[in-house]
Number of protein chains: 2
Amino acid sequence: MKGKARPPDGNGPRPPDGRPTLKTIAFMTGLGVTTVSRALKNAPDISADTKHRVQLVARQVGYRPNRAGVRLRTGKTNVISLLLNTDEQLMGFISDIIYGVSQELAGTPYHIILTPYSARSDPMDPVRYVVETQSADGIIISRTEPHDARVKYMTERQFPFATHGRTNMDIDHPWHDFDNQIFARNAVRCLAERGRSRLALLAPEPTLTYYRHMTEGFAEGLAASAVTEVPFRSVWVDQPIDDIRDRTAELLRRAGRPDGIVCGSGTSAFALVSAIEQCGLALGEDIDVVTKQSTKLVQMFRPRLIVVNEDFRLAGRELARALMGRINGRPTAELQSLSIPGGVVEPPEVPRPATVSLDTRLTAAMPK
Amino acid sequence: MKGKARPPDGNGPRPPDGRPTLKTIAFMTGLGVTTVSRALKNAPDISADTKHRVQLVARQVGYRPNRAGVRLRTGKTNVISLLLNTDEQLMGFISDIIYGVSQELAGTPYHIILTPYSARSDPMDPVRYVVETQSADGIIISRTEPHDARVKYMTERQFPFATHGRTNMDIDHPWHDFDNQIFARNAVRCLAERGRSRLALLAPEPTLTYYRHMTEGFAEGLAASAVTEVPFRSVWVDQPIDDIRDRTAELLRRAGRPDGIVCGSGTSAFALVSAIEQCGLALGEDIDVVTKQSTKLVQMFRPRLIVVNEDFRLAGRELARALMGRINGRPTAELQSLSIPGGVVEPPEVPRPATVSLDTRLTAAMPK
DNA sequence: GCTCCAGACTGAATCGATTCAAATGCGTCC
DNA sequence: GGACGCATTTGAATCGATTCAGTCTGGAGC
């Protein structure tokens, strides 16, 4: 007999903290822990009878596997990490993504952990941290770049991830994206149809992949409608709104000012409109603005804004679905989806707009 | 010799996955794991010499304790759970709280886990889940009620938590709150000074504690300034903005409409202003609105809004600080803080407002 | 009667950190 | 010289779930 420091645990029905463990169930059923463990995961070498019995008891006592135990033994954390940039003006955008992700993860054992970072330090840091310490089974990132170091890093290490936005690398990975190219193209066409001929684009940061999509779509629109561009490339949607407003006002006071603006984010539309009014121009008369929106707030204020909805809850759901798919070894082709802008919502004739809700269709088939 | 299935691990410098463990360091230093473990936490019975050596090696190899190991053995998760209601219009509010919390937690081993819930199901569910499964060391909740079942539950189980908002129970617990009573009182005074005499209040949901603070402050203001109230109690700040707008428009078209409104949230101010303009009234002339704001977006649009800043990042920091304090056993008195509204920012004379940044002082002393 | 085998089940090791109880080394004191 | 105390250090058990390598039972096959 090996000198036990204390007599072995009496195997009583429950440990002191009250939570049932495998041992509890083993004791109650008179089986061994191994059998219980295997019975709960429907292993083939356990008799159907035993499985039922074990599962019944487990349900009765409210058994839930101890996460630390599983994690220590298997390395599986049942956690997915949401990397989020904390220095942007996110405006409900984040909470919608979070909501979508958690919707998709409800009913699974997954927890969502937030890993905040600031662009002021190295964006690789949080990725490295999660991968190295294996603190999650997968990561969702946004602000994706054409050649994204994070994507390269995680791919090399075979660490599951999904990106909000696409890359331009020879790496095939799960992603979800909003089709900003179509958005910009349609926006230009819409402005052209309203007789606007001198258009500016308030684009995202040039380092991000969707900058390219948006500028390309914008250029295509210009070419198709024979309208001209008023360059407005020194300011981006993620900059502080005061800056955007000031630069916009500057633009509008210059000779040859635009009579139409395509705006890449709902938040910056506030700044645009503010600048327009500050310059004494009338939205919808002297100038039109087409913008993406994720809440109805902007349009509530200014019914004459032309808006296209971007559904971030959908994005959250799709990203979670893509990441889960990767973790479960599904083929990458199933894990890429593109959200097509539902269409441009033109301002209604009546001052009081009816609320317009748009379908957003996906190119990739949705299960169920 | 007990029949080992496989020869014992060669104790090689590192396990296959590359992460150093206590064993790795024990091997490198020639010490036992126990010594290494104790040396790393500065136990008094380890010689200074050994401590230095162990800590040096640990730093060199980039040792980080395995969270699952610690958690399994000690029950400490190093996780705090942020409960969040997913059916509100949160508008950047959430991301600011998150930012504040993560700011405070940076440099600690704590991770932030999100536990979303919908008010449509039982708000106790997520609390019970976290407490029962011990999936976090502490919880931060918001939407606090005067008699909050969650507070009672967690207190009974001695589970650490902090609330955003106060309670009215005979339970002393960590909290952070914004002084909505002072806010409302000052708002009324401000409106009275501008010659407004018929005031309405857009209050929060009556079940929440801060409904009382805000209505009391409002009532005090009324009494002090001899202005009258126009009842507007069938609508709350957290309702869908379309509803708020519609009800406000209704109110404004009624005889004896208010000439001043105090608004309890930045988001709903959008709806108020929209309704005002829709009714053909001019903000700042026919009617004044005092509102809380957490971003500058509202005021950017309507410089004539009168605003008071509410800093949610500060709230996040304070909540995290309070919860950490509780977990570390500090006295509750240190863990309660009230954010005093910095003052009412009246609209500037010039059309283009300078950005006004307000101090927010705390009644409780801040450490450091 | 014997072996062999499949089916059902289980003991014991394992993941990494903590901690109890004990061991070791060494200098002191009577 | 031997017992004692002090400062250090360490083996082994422990947390809960998983899994390798068995064991045990009963029936089939020769």
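In the text below, chain A, chain B and the rest are named by the order of the sequence lines, each starting its count at 1.
Atom NZ of A:Lys76 has more than 12 neighbouring heavy atoms from other residues, nucleotides or ligands inside a 6.0 Å radius. Counting heavy atoms of neighbouring residues, nucleotides and ligands inside a 6.0 Å radius, atom CZ of A:Arg330 does not exceed 12 of them.
One can place CZ of A:Arg67 at 14 Å from C1' of D:dG16, the figure rounded to the nearest angstrom. Taking atom CZ of residue B:Arg73 and atom P of nucleotide C:dT19, one finds them 6 Å apart after rounding to whole Å. The NZ atom of A:Lys23 sits 5 Å away from the P atom of D:dC15 (whole-angstrom rounding). At whole-Å resolution of the value, CZ in A:Arg38 and C1' in D:dT18 are 9 Å apart. Atom-to-atom, CG of B:Leu22 to C1' of D:dC15 comes out at 15 Å; the value is rounded to the nearest Å. The distance between atom CZ of A:Phe27 and atom C1' of D:dA17, rounded to the nearest whole Å, is 20 Å. In this structure, A:Arg71 atom CZ and D:dC15 atom C1' are separated by 15 Å, rounded to whole Å. Summarising the geometry, the separation between CG on B:Leu72 and P on D:dA17 is reported as 9 Å, rounded to the nearest angstrom.
Listed nucleotides: D:dT19, C:dA17, D:dG16. Nearest to the side chain of A:Thr21: D:dG16. Side chain of B:Thr34, nearest nucleotide from D:dT18, C:dC9, D:dT10: D:dT10.
When only modelled atom types and interatomic distance are considered, A:Thr115 and A:Ser81 share a side-chain donor-acceptor pair under 3.5 Å. For the residue pair A:Thr332/A:Arg326, the side-chain donor-acceptor check at 3.5 Å is satisfied.
B:Ser47 comes within contact range of the sugar-phosphate backbone alone, with a heavy-atom separation under 4.0 Å but no base atom that close. B:Gly32 comes within 4.0 angstrom of the backbone, heavy atoms only, and of no base. Nucleic acid contact class of A:Ile46 (heavy atoms, under 4.0 Å, all strands): sugar-phosphate only.
For B:Ala48 and B:Thr74, each mapped to the nucleotide of DNA chain D holding its nearest heavy atom, the one lying further toward the 5' end belongs to B:Ala48. Each of A:Ser37 and A:Asp45 lies near DNA chain D, and the nucleotide nearest A:Ser37 is the one positioned closer to the 5' end.
Ring centroid separation for the pair A:Phe312 and A:His176 does not come in under the 6.0 Å cut-off.
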